[in-house]
Colleague: 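Pasting a structure here, questions to come.
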Amino acid sequence: MPDRRRAPGPIDRRCAIRILIVGGGCAGMAAALHLQRGLRERLRRGEVHLTVVEPQAYLTYHPLLAEVAAGSIDPRHVVVPLRRELTECKVLTARITRIEHATRRAWADAAGRGEPPAPVELDYDVLVLAPGAVSRTAPVPGLAEHGRGFSTVGEAVGLRNHVLEQLDLAATTRDPGLRQAALTFVFVGAGYAGVGALAELEDMARYAVRGHHNIAPEDLRWVLVEATDRILAEESPELADHTLDQLRERSVDVRLRTTLESAAGGVMALSDGSRFAARTLVWTAGVRPNPVLRDTDLPLDTAGRIRCLPTLQVLGPDGRALPGAWAAGDCAAVPDPHADGAPCAPNAQHAFAQAGLLAANVLVALEGGPHAPGITEYRPEAPACSTSLGLGRAVAHTRRGGRLTGRRAWWLHRARHLRRLPSSERRVRVLVDWVLAGFFPREVVPLGRPERAAPADERPA
C-alpha cells in the first residue's frame with residue numbers, strides 16, 4: 001500500500017484548506033466563532049473546511065455552575081449547543097485519541113452510549129488545540145466512593161439535590177450521629193470553583209432550613225479545606241483575605257495548609273489531625289491539562305501543557321513557531337507578562353481573550369505564512385476575575401487594579417459573565433432567570449432521580 005504520510009509543506013492554495021479545532025470549550029468554541037465569522041464567504045464557497053471535534057455536543061459555561069447548583073439559573077441555560085452556533089462548521093461529537101502533527105493527521109473515536117468506539121481519521125492543514133483541562137484528583141482513600149465533582153451541569157444539579165436531601169434526612173432522623181453527618185458539608189479546594197460553589201450552596205441551604213422546624217442555620221457545618229496558605233490564589237492577597245473574612249463571618253470553617261488524608265467510611269481525616277463524619281464531600285482541588293496532549297508529537301512543559309509562543313503558535317524544537325499548529329485556553333502554556341513570563345492561569349478570561357487573538361493570527365497566517373508581520377503577541381488585560389458568594393454578595397477584581405465587594409461586586413460579576421456567554425440566546429435566557437429570581441422566592445425542592453414507572457397494578461387509583 002502507498003505511504004499516506006506527507007511532509008508539512010506550504011498549504012496548496014488550489015485545494016480547500018482544512019482547519020481542525022480540537023475542543024469545543026470556551027477557547028475552542030470562541031476560536032471557531034471568530035474563524036467562522038472571518039472565513040464565512042470562503043467556507044460557503046468550499047475553499048476552507050472548518051471542523052470542530054468535542055466529546056460533548058455543547059459548551060458548558062463553568063463560571064455559572066455555582067448558580068446552577070444554588071437554583072438561580074436553569075441548568076439548560078449554561079450550556080450552548082455547538083451546532084446551533086457553529087452553523088458554518090462541521091461539528092464531530094467525538095474524542096481525539098491521537099495527533100501526529102508531523103503528517104498532519106489526527107484520530108478520533110466517535111461512540112454512542114453503550115456502543116464500541118468507531119475510529120475516525122482526520123487530515124488537516126491547520127491545527128488549533130483547545131481541549132481544555134480535566135479535574136485533578138489525588139489517591140485519597142474513600143474519595144472515589146464518597147467524593148463528588150463539580151465540573152459538569154449534571155454534577156452541579158446532583159450536588160444541589162444531594163444537599164437538599166441531606167436537610168430532609170437531618171430533619172427526620174432520630175440518630176444524632178447521622179443528623180450531624182448529614183448537616184456537615186466538606187469542600188476540598190479553595191479556588192474560584194470551590195469558593196463559589198460552597199458560598200452559593202451555603203446561602204441556599206440557609207434559606208432552605210426555614211422550611212424545617214427542627215433545623216437552624218447554626219446547625220449547618222461547612223468546611224473548606226485548602227492545601228496552600230490562602231484561598232483564591234489567582235486574586236490579589238487583599239481581595240482573597242476579604243473573601244476569607246466573609247466566609248468566616250458566615251461560620252464557614254476554613255482550614256488552610258490542610259489536606260484531606262482519607263474519606264474512608266464517610267469519615268473525613270484531615271492532615272491537621274481532625275476527624276469527623278460527613279455525608280457530603282465535594283472535590284474542587286484544581287485542574288490538569290487534558291490527557292490527550294500526551295498522545296501527540298507536540299512539545300509539552302513539565303505540567304503537561306503545550307509549549308507556546310506569545311503569538312499562540314506552538315513552540316517548535318528550533319525555538320520558532322511550528323507551522324500549522326496553534327493552542328489556546330487551559331491546555332496552552334502561554335507566557336503571561338503580568339506574571340513574569342509564567343504561563344497564564346487556566347480561567348475563562350484568558351480562554352476567551354486568547355481565542356480571539358488566535359483566530360485573528362490564523363487568518364493572517366493563512367494569507368502570509370506562519371511568520372507574517374501581522375501576527376501579534378498575546379498581551380492580556382489586567383486580571384478582572386470575580387466570584388459570587390450568594391445572592392447579593394460577591395468579590396470582584398476590576399481592570400484598573402481596584403476591588404469591589406458586596407452588592408456592587410455581585411452586579412459586576414453577573415454583568416461580566418453575561419457578556420462572556422458565547423450565545424445571545426443564552427444571555428437572554430440567563431438574564432430572564434435572574435430577573436424572575438428577583439421577584440419570586442427560591443426553589444428549594446430536590447428534583448431527585450428519575451424513577452421506573454410503577455406497573456399498572458401498583459399504581460394508585
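We're numbering straight along the sequence, starting at 1.
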Colleague: Counting distance only, does the side-chain N/O of Arg83 pair as donor-acceptor with the main-chain N or O of Ala57 below 3.5 Å?
Modeller: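 Checked: no pair found.
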
Colleague: I'd like to check the side-chain contact (heavy atoms from CB on, under 4.5 Å) partners of Gln246; sequence neighbours left out, ordered by chain and number.
Modeller: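 Gln246: side-chain contact (heavy atoms from CB on, under 4.5 Å) contacts with His242, Glu249, Leu389.
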
Colleague: Does Asp125 reach the main-chain N or O of Ile17 with its side chain, forming a donor-acceptor pair under 3.5 Å?
Modeller: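 The answer is no, because no donor-acceptor pair under 3.5 Å joins these two groups.
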
Colleague: Evaluate the side-chain proximity of Arg18 to Thr51: yes if any heavy-atom separation is below 4.5 Å, no if none is.
Modeller: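 No, every pair of side-chain atoms sits at 4.5 Å or beyond.
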
Colleague: Less than 4.5 Å apart, any side-chain heavy atom of Ser251 and any of Trp222?
Modeller: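 Side chain of Ser251 against side chain of Trp222, heavy atoms only: no contact under 4.5 Å found.
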
Colleague: What's the spacing between Arg76 CZ and Asp433 CG if we round to 0.5 Å?
Modeller: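 Reported value, rounded in 0.5 Å steps: 9.0 Å.
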
Colleague: How would you list, by chain and number, every residue that makes a side-chain contact (heavy atoms from CB on, under 4.5 Å) with Val432, sequence neighbours excluded?
Modeller: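 So Val432 forms a side-chain contact (heavy atoms from CB on, under 4.5 Å) with Val428, Leu436.
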
Colleague: If we only count heavy atoms from C-beta on, is the Thr280 to Thr184 side-chain gap below 4.5 Å?
Modeller: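 No - every pair of side-chain heavy atoms lies 4.5 Å or more apart.
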
Colleague: Assess whether atom CZ of Arg40 is packed by more than 12 heavy atoms of other residues, nucleotides or ligands within 6.0 Å.
Modeller: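 Atom CZ in Arg40 is crowded, with more than 12 foreign heavy atoms closer than 6.0 Å.
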
Colleague: Which word best sums up how the rings of Tyr61 and His417 line up, parallel for under 30°, tilted for 30 to 60°, or perpendicular for over 60°?
Modeller: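 Plane angle over 60°, so perpendicular.
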
Colleague: To the nearest 0.5 Å, what is the distance between CZ (Phe352) and CG (Leu421)?
Modeller: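 So the CZ of Phe352 and the CG of Leu421 are separated by 7.0 Å.
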
Colleague: Taking only residues two or more places apart in sequence, or in another chain, which ones meet Arg37 in a side-chain hydrogen bond (donor to acceptor under 3.5 Å, both in side chains)?
Modeller: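 Scan of Arg37 (side-chain hydrogen bond (donor to acceptor under 3.5 Å, both in side chains), adjacent residues dropped) gives His34.
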
Colleague: Of all residues at least two apart in sequence or in a different chain, which pass the ring pair (Phe, Tyr, Trp, His ring centres under 6.0 Å) check with Phe150?
Modeller: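 With neighbours one apart ignored, the set is empty.
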
Colleague: Could you walk me through whether Val364 and Thr376 satisfy the side-chain contact (heavy atoms from CB on, under 4.5 Å) test, starting with their C-alpha distance in whole Å, then the side-chain angles of each, then the deciding distance to 0.1 Å, before giving a yes or no?
Modeller: CA-CA 10 Å; Val364 173; Thr376 57; over 6 Å; no

Colleague: Would you check if Pro380 and Pro337 make a side-chain contact, meaning some heavy-atom pair closer than 4.5 Å?
Modeller: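 Yes; the side chains approach each other to less than 4.5 Å.
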
Colleague: Is it the case that more than 12 heavy atoms not belonging to Arg95 sit under 6.0 Å from its CZ atom?
Modeller: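 Check fails, neighbour count at 12 or below.
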
Colleague: Tell me, do Arg426 and Arg84 make a side-chain contact under 4.5 Å, heavy atoms counted?
Modeller: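 Arg426 vs Arg84: side chains touch.
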
Colleague: Does some side-chain heavy atom of Val140 sit less than 4.5 Å from a side-chain heavy atom of Val188?
Modeller: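 No - every pair of side-chain heavy atoms lies 4.5 Å or more apart.
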
Colleague: Calculate, to the nearest 0.5 Å, the distance between atoms CD1 and CG belonging to Ile21 and Leu127 respectively.
Modeller: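 Between Ile21 CD1 and Leu127 CG, I get 9.5 Å after rounding to 0.5 Å.
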
Colleague: Kindly write out the residues that satisfy side-chain contact (heavy atoms from CB on, under 4.5 Å) with Glu67, not counting sequence neighbours, or none if the list is empty.
Modeller: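 By the side-chain contact (heavy atoms from CB on, under 4.5 Å) rule, Glu67 matches Leu64, Ser72, Ile73, Glu200, His413, Arg414, Trp434.
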
Colleague: Tell me if the CZ atom of Arg408 is crowded by more than 12 foreign heavy atoms within 6.0 Å.
Modeller: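 No.
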
Colleague: Going by side-chain hydrogen bond (donor to acceptor under 3.5 Å, both in side chains), name the pairs with one or both residues in residues 287-312, residues two or more places apart or in two chains.
Modeller: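 Passing the test, one end in residues 287-312: Thr311-Gln313.
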
Colleague: Please determine which of Thr258, Asp253, Leu281 meets the side chain to side chain contact (heavy atoms under 4.5 Å, CB included) test together with Val225.
Modeller: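 Testing Val225 for a side chain to side chain contact (heavy atoms under 4.5 Å, CB included) against Thr258, Asp253, Leu281 leaves exactly one candidate, Thr258.
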
Colleague: Hey, what's the ring geometry for His101 with Tyr124, parallel, tilted or perpendicular (30° and 60° as the breaks)?
Modeller: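 Taking Tyr124 first and then His101, their aromatic rings lie parallel (interplane angle under 30°).
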
Colleague: Do Arg248 and Val254 have side chains that get closer than 4.5 Å, going by heavy atoms?
Modeller: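 The answer is yes, as the side chains (C-beta and beyond) meet within the 4.5 Å cut-off.
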
Colleague: Tell me, do Glu238 and Asp241 make a side-chain contact under 4.5 Å, heavy atoms counted?
Modeller: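 They are not in side-chain contact.
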
Colleague: Hey, what do you get for CD1 (Ile231) to CG (Leu256), rounding to the nearest 0.5 Å?
Modeller: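 It is 7.5 Å, given to the nearest 0.5 Å.
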
